[in-house]
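See structure below.
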Amino acid sequence: MCLTIPAQVRKVQGDKIFVEQSDRKIIEIWNPDPDRKVKIKSGDWVLYFNGFFQQKIEENDAHEILDMLGMMLDEQNPEVSPKFKKTIDKARHGDLKRKDIIYLLNSNGSEKEFLLSQANELRKKYIKEFICIHGIIEFSNHCQNDCFYCGLRADNSKLTRYRMDTNEIIETAKKAVKERGYKLLVLQSGEDYFYTDKMLAEIVSGIKKECRVFIFISIGERDIETYRKLKKAGASGVLIRFETSNPILFKKMHPYGKDHERRLETIKSLKGLGYFVASGSISGLPGQTVRDLADDLLTIKELKVNMISMGPFVSCDNTPLAKNKSGDIDMSLKMISVARFLMPKVRIPVVTALETLDPKRGRKRAFEAGANALMINLTPKEHRRKYKIYPGRFFEKEGSIFERYGLNLTDESYKMLEKRIREEIQ
Ligand code: SAH
């Protein structure tokens, strides 16, 4: 479920393999296979974890991954003002104040590039060997809410609605885990009370019974009792955004139904229940200021989320914001970078909204700005288009380079994730 950074073999001595890491350091790794079925020689490219050889990787693929992760960028000496350099230094020491964050978010040109590359350096330093690959299954597009930005809103009568039944959800999850090697799945839906607590618990425990996988749920603001039951049924995490830290903007975007304070309280309670919590905001909503975005980042830090889920607004037809412009990609990238400085070890997935706005380069740019995870859409084909929170959602074909090298069917990678999640919840 995690892609490790490729390295090139420099020397092989029995079961010892000497590889050159991306920072040019030569380290020694072990080949755990006593029969040495896979022949490894100097010049080969390999993936390794915790000092152990995992698998060989084609040279072209190794270069593609290194390039995608910005591992081959040379140290640059960009033109930045002394004030900007000083603020980056402050960021490195973890003491950014709101005014510093606003200053960084307002950067452009070479200063913006410097911010992004410095955040990438930090990612490399703290979580160098990992790009985590998660899957998401969107099991219902029914929603009782009327969020202004979202195409699933109850008021949207143009949307064809669907619901997957318990069996279909379990089977979809099973396929993702057993055939494709996913170890962490997010089950997401609109806020749909058709699924009772009992049904949701059956879905979670049904999947857990069949496969070794971490389950995160993303079903909106259900009762805390619901979440307690789902934890008992085997769920490990919850993905729930606070959407914006500005209560006035929140009210404008959700005039009825949702309540800002209650949503924040729910998020805090979920942490209290021992869930791994993924949260964040949308950037580029109409009326939102850079100061609001700075406060979003500070809220993320204050909530001590375990995974940051934030991305740009994408304008959606048949919503009250249909005529508004989508969010700015560069601002989303700067948000990722500042988040990386605020929480150096946190998981930051590249979100689909960013890939939708920039399908060619969005993912690469997000990695180069400090992101370290992917969320791959696994919703069955026949439903995918109908989960239209916004139009033209980015979707990747099965068998990408990340799936090929980042997922494997061994139990070892589940254990690896188990250890990490345990550490990250503490
Ligand atoms: N019902 C769940 C899941 C909602 S959809 C919940 O309430 O948490 C997941 C996320 O998609 C939302 O939290 C919102 O932040 C995001 N989203 C919805 N519409 C969007 C749009 N038009 N552009 C960008 N993000 C959007």
Side-chain angles (χ1 to χ4, degrees), residues 134 136-156 159 161 163 186-195 200 216-223 226-227 230 235 237-246 249-250 253-254 257-260 262-264 266-267 270 275 277-286 288 293 296 299-300 305 307-329 331-332 335 349-358 362 375 377 379 383-384 386-394:
H134 312 316
I136 181 162
I137 300 170
E138 297 142 342
F139 63 92
S140 159
N141 70 352
H142 286 258
C143 190
Q144 68 153 25
N145 289 332
D146 260 315
C147 309
F148 269 28
Y149 40 82
C150 183
L152 305 192
R153 64 200 309 269
D155 230 23
N156 182 4
L159 185 71
R161 306 278 172 174
R163 280 187 182 114
V186 178
L187 304 180
Q188 191 177 78
S189 68
E191 205 161 309
D192 183 4
Y193 289 83
F194 165 84
Y195 298 90
L200 290 170
F216 282 34
I217 38 183
S218 180
I219 53 175
E221 262 171 77
R222 303 280 291 237
D223 213 73
T226 308
Y227 283 110
L230 295 182
V238 178
L239 190 159
I240 179 167
R241 288 180 172 180
F242 55 83
E243 316 292 11
T244 168
S245 56
N246 179 338
L249 181 62
F250 189 94
M253 294 294 118
H254 318 95
K258 274 169 146 171
D259 177 79
H260 192 240
R262 194 181 62 218
R263 197 148 176 107
L264 286 170
T266 304
I267 296 171
L270 292 170
Y275 271 114
V277 171
S279 191
S281 61
I282 309 183
S283 57
L285 290 169
Q288 194 176 35
L293 295 176
D296 289 354
T299 304
I300 286 170
V305 307
M307 167 149 64
I308 300 180
S309 170
M310 62 181 181
F313 160 66
V314 185
S315 184
C316 183
D317 45 322
N318 302 311
T319 65
L321 304 187
K323 293 212 166 69
N324 288 83
K325 265 203 342 228
S326 293
D328 175 50
I329 297 174
M331 182 54 87
S332 282
M335 292 281 284
V350 184
V351 297
T352 315
L354 186 63
E355 298 193 80
T356 301
L357 291 181
D358 186 355
M375 192 69 87
N377 192 310
T379 307
H383 306 308
R384 216 175 282 151
K386 297 182 210 141
Y387 200 81
K388 193 180 163 189
I389 46 181
Y390 48 79
R393 278 171 66 233
F394 177 85

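As the structure lists them, so they are numbered: ligands from 1, and atoms in each ligand from 1.
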#### Entry: Protein contact of atom 9 (C) of ligand 1 - nearest heavy atom, named by residue and atom, plus distance
Gln188 NE2, 3.5 Å
### Task
For Ile282, take its heavy atoms, then give the atoms of ligand 1 lying under 4.0 Å from any of them.
14 (C), 15 (O)
### Task
Indicate, as side chain, backbone, both or neither, the part of Pro312 found under 4.0 angstrom from ligand 1 when only non-hydrogen atoms are considered.
backbone
### Task
Considering heavy atoms of the protein only, find what lies nearest to atom 19 (N) of ligand 1 and give residue, atom and distance to 0.1 Å.
Tyr149 CD1, 3.4 Å
### Query
Does Arg153 reach the main-chain N or O of Cys147 with its side chain, forming a donor-acceptor pair under 3.5 Å?
yes
## Note on the structure
Among non-hydrogen protein atoms, atom 23 (N) of ligand 1 lies closest to Val314 N, 2.9 Å
### Task
May I ask you to check if ligand 1 and Ile219 share an N or O to N or O distance below 3.5 Å?
no
### Query
At the 4.0 Å heavy-atom cut-off, does Gly190 count as touching ligand 1?
yes
### Query
Knowing that exactly one of Thr356, Leu357, Ile282 qualifies, which makes a side-chain contact (heavy atoms from CB on, under 4.5 Å) with Pro312?
Leu357
### Task
Give the atoms of ligand 1, by number and element, whose distance to some non-hydrogen atom of Glu191 is under 4.0 Å.
1 (N)
### Task
With side-chain hydrogen bond (donor to acceptor under 3.5 Å, both in side chains) as the test, would you mind laying out the steps for Thr244 and Asn246 before giving the verdict?
CA-CA 5 Å; Thr244 168; Asn246 179 338; 5.6 Å; no
### Task
State whether Lys258 and Glu191 are salt-bridged, where the test is any N-O pair (Lys NZ or Arg NE/NH1/NH2 against Asp/Glu carboxylate O) under 4.0 Å.
no
### Side-chain heavy atoms of Phe394 within contact of Asn377, under 4.5 Å
no
### Summary
The closest protein heavy-atom partner of atom 11 (O) of ligand 1 is Ile389 CD1, 3.8 Å
### Message
Suppose we measure from atom 12 (C) of ligand 1 to each protein heavy atom; which comes out shortest, and what is that distance?
### Response
Glu243 OE2, 3.5 Å
#### Entry: Nearest-neighbour protein heavy atom for atom 16 (C) of ligand 1, which is reported as residue plus atom name and distance
Arg241 NH1, 3.6 Å
### Message
Would you say Ser309 and Arg241 are linked by a side-chain donor-acceptor pair, where the criterion is simply a distance under 3.5 Å?
### Response
yes
### Query
Think Arg263 forms a cation-pi with Phe250, using NZ or CZ under 6.0 Å from the six-ring centre and within 45 degrees of its axis?
no
### Task
Among all protein heavy atoms, pick the one closest to atom 8 (O) of ligand 1 and tell me residue, atom and distance.
Arg263 NH2, 3.0 Å
### Task
Check each of Ser189, Cys150, Gly220 against atom 4 (C) of ligand 1 and report the one with the nearest heavy atom.
Ser189
